[in-house]
Trainee: 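Just passing along the structure, written as structure tokens.
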Amino acid sequence: MSGKPLPDSAHQQRTNKTQEPHAAVTRPLDLLVIGGGINGAGIARDAALRGLSTALVEQDDLCSATTRWSSRLIHGGLRYLEYGELGLVHESLRERELLFRNAPHLVRPLPLLIPVYRDSRRGLSKISFGLWVYDMLATGRSVPGYQRLSREEALTHAPGLATDGLLGAALYHDGQVPFVERLVVENALAAREAGATVLTHTRVSRLLLYGRKVCGVELEEEGGRRRELAARSVINASGPWVDRLLHSLPRPPARLMGPTRGTHIVLARFPGAPQAGCYLEARSDGRPFFVLPWNGLFLVGTTDIRDDTDPARVRPAAEESDYLLRELAGIFPKAGLSPASVLYRYAGLRPLPRQGRRFTGSITRRHQLRHHAPLVRGLYSVIGGKITTYRSLAEQAVDRVCRQLGLGQLSGTTGGTPLPGAGERSAVLGELAARWPALSAASGRHLWEVYGSRAPGVAALIEEDPALALPICPHSHAVGAEVLFALQHEAAMHLDDVLFRRCMAGLSPDLGAAALEPALAVAARHLGWDALRQAAERARCEGERALLSAPG
Ligand SMILES: Cc1cc2nc3c(=O)[nH]c(=O)nc-3n(C[C@H](O)[C@H](O)[C@H](O)COP(=O)(O)OP(=O)(O)OC[C@H]3O[C@@H](n4cnc5c(N)ncnc54)[C@H](O)[C@@H]3O)c2cc1C
């Protein structure tokens, strides 16, 4: 980073990288990012790594909205080929490869089967051609190319498939990020390590202007305290809240977003369940949907329905669960599923660009970055996008901000920078087994899948108190040490942050019920949580469980 001298704040940032998450920031920041979903966290990381003084502000916890309610696929989007979005598919497939390389503990290849029936709207030849193009667009591909399968071969991969009218199948590979929450957390932690301030449970209540230029934001902390934070540029990465945030401007722009709701249901392994993921065509309306092996369970979704309700209140409708169950039963007739088979369900709003009355599936998933000049200079909004392309979106966004700040010489480095937990699985498992024999093998594997090469840092806490090696959750095999690690090192503030978005016990079939009291006991013993605090934290976790388990 030579050449033009940096303005004060960027320079100060590069010489003072030990900022605490809640430290007061006195000089104007180079960049303030609103929203701790995948896009906001990715932007904050990119900016901080370039040396910009950066803050990330999230009203709830990291990854508490859309990113979490997704299908958790890192994919090129085979379907987008039908809409001619070759550029988007190419970019997504490039990003998929970068994620395999930079986050191997979090993102892994997933085989996907597309069965084809006599009455399918897309025949085997059309699908094979699409997959051939898909493979061609995947430069530097590390996963196997697609295969066309006979009917018999299809049934060996998924013996539970309905056989009537089955012609064959195609098999291909994409990526899955089972714990996308951790991808967001690691981006935010990397941002913090590079000097960014990360504020969670803090809402941006107002954008502040100086004439026609953004000059900061007003914050409302948990508990109601308000304060202002000065910034030379602001990125509104608030997902489906983008328009609501812009509404605080004296002259808000026309609506930018046209969200659609997508619902998933979570099932236990069912009779005839496939080994691979399945990309299926709904028999009633021809819509594509996924059945994905995930977290020892199955994730089935999604729907795509226009929905303008408050993003904080979006819930799955009963008809959506019924639709997914019915379509699944049509293709896996031996599954024997009923509404009671649904362990839990969730819905999220795709923060898509407003595009009139188009068929929802055809609305582009390509991201846009809108600069609000000349109305408000220095203010940008992120519209649309996918988890898969968050890194390239972040790079493009920070490039724009750097040019605006006169720092165009700073270029992004995230493409070649592994996330904090990237490492070698066997080396990490070996170290855990050798140094902390009290950890069970199942807990060791869990620690790798959640923290990657940072797992020994979690296990080291056991040296202070051997009881921290004990599992707190019989499903995920999470251990007590993770509660402390999350609250002390991973910006978690509440127990629901810990269970649902750090140690991931909350996504078990019981939604973290078994882990709740052991986790509270760890916090009481080590952090002095009194009965009042425990009751409040218990209520938060139960609220979160109720949200996920409530019928539509
Ligand atoms: C059903 C469904 C399935 C999907 N499946 C996939 C998939 O498989 N693969 C893929 O690549 N993409 C998928 N997507 C798309 C992807 O999930 C989204 O594009 C992406 O998660 C959007 O991330 P984000 O950071 O922009 O938004 P969010 O994750 O919603 O984050 C925005 C954050 O801003 C915060 N916020 C809002 N207002 C304020 C405020 N005033 N102050 C502070 N913070 C605020 C919110 O609390 C929230 O945490 C799917 C989307 C849906 C809905």
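Atoms within a ligand are numbered from 1 in the order they appear, just like the ligands themselves. This one's a predicted model, so the numbers in the text were calculated from it and none came from an experiment.
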Trainee: Assign the ring pair H264 / Y346 to parallel, tilted or perpendicular, where the plane angle (0 to 90°) is split at 30° and 60°.
Mentor: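 H264 vs Y346 ring planes: tilted.
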Trainee: Would you sort out whether F332 and F270 count as a ring pair (Phe, Tyr, Trp, His ring centres under 6.0 Å), showing the intermediate values?
Mentor: CA-CA 9 Å; F332 289 96; F270 51 87; 5.7 Å; yes
Trainee: Under the criterion side-chain hydrogen bond (donor to acceptor under 3.5 Å, both in side chains), which of H372, Q368, H371 is the partner of S381?
Mentor: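 The option that passes is H372.
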Trainee: Could you tell me whether a side-chain N or O of K386 sits under 3.5 Å from a main-chain N or O of H75, the two making a donor and an acceptor?
Mentor: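 Confirmed, K386 side chain pairs with H75 backbone.
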Trainee: Using only atom types and a distance under 3.5 Å, with no angle test, would you say the side chain of N187 pairs donor to acceptor with the backbone of L183?
Mentor: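 Yes; at least one donor-acceptor contact below 3.5 Å.
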Trainee: Where the side chain of T202 meets the backbone of E220, is there a donor-acceptor pair that is under 3.5 Å apart?
Mentor: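 Checking the backbone N and O of E220 against the side chain of T202, no donor-acceptor pair under 3.5 Å is found.
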Trainee: Students should find this: residues with any non-hydrogen atom under 4.0 Å from ligand 1. What is the answer?
Mentor: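 The answer is I34, G35, G36, G37, I38, N39, V57, E58, Q59, S64, A65, T66, T67, W69, S70, S71, R72, L73, H75, T202, R203, V204, A237, S238, G239, P240, W241, L245, G262, H264, T302, G348, L349, R350, G385, K386, I387, T388, counting any residue whose heavy atom sits under 4.0 Å from ligand 1.
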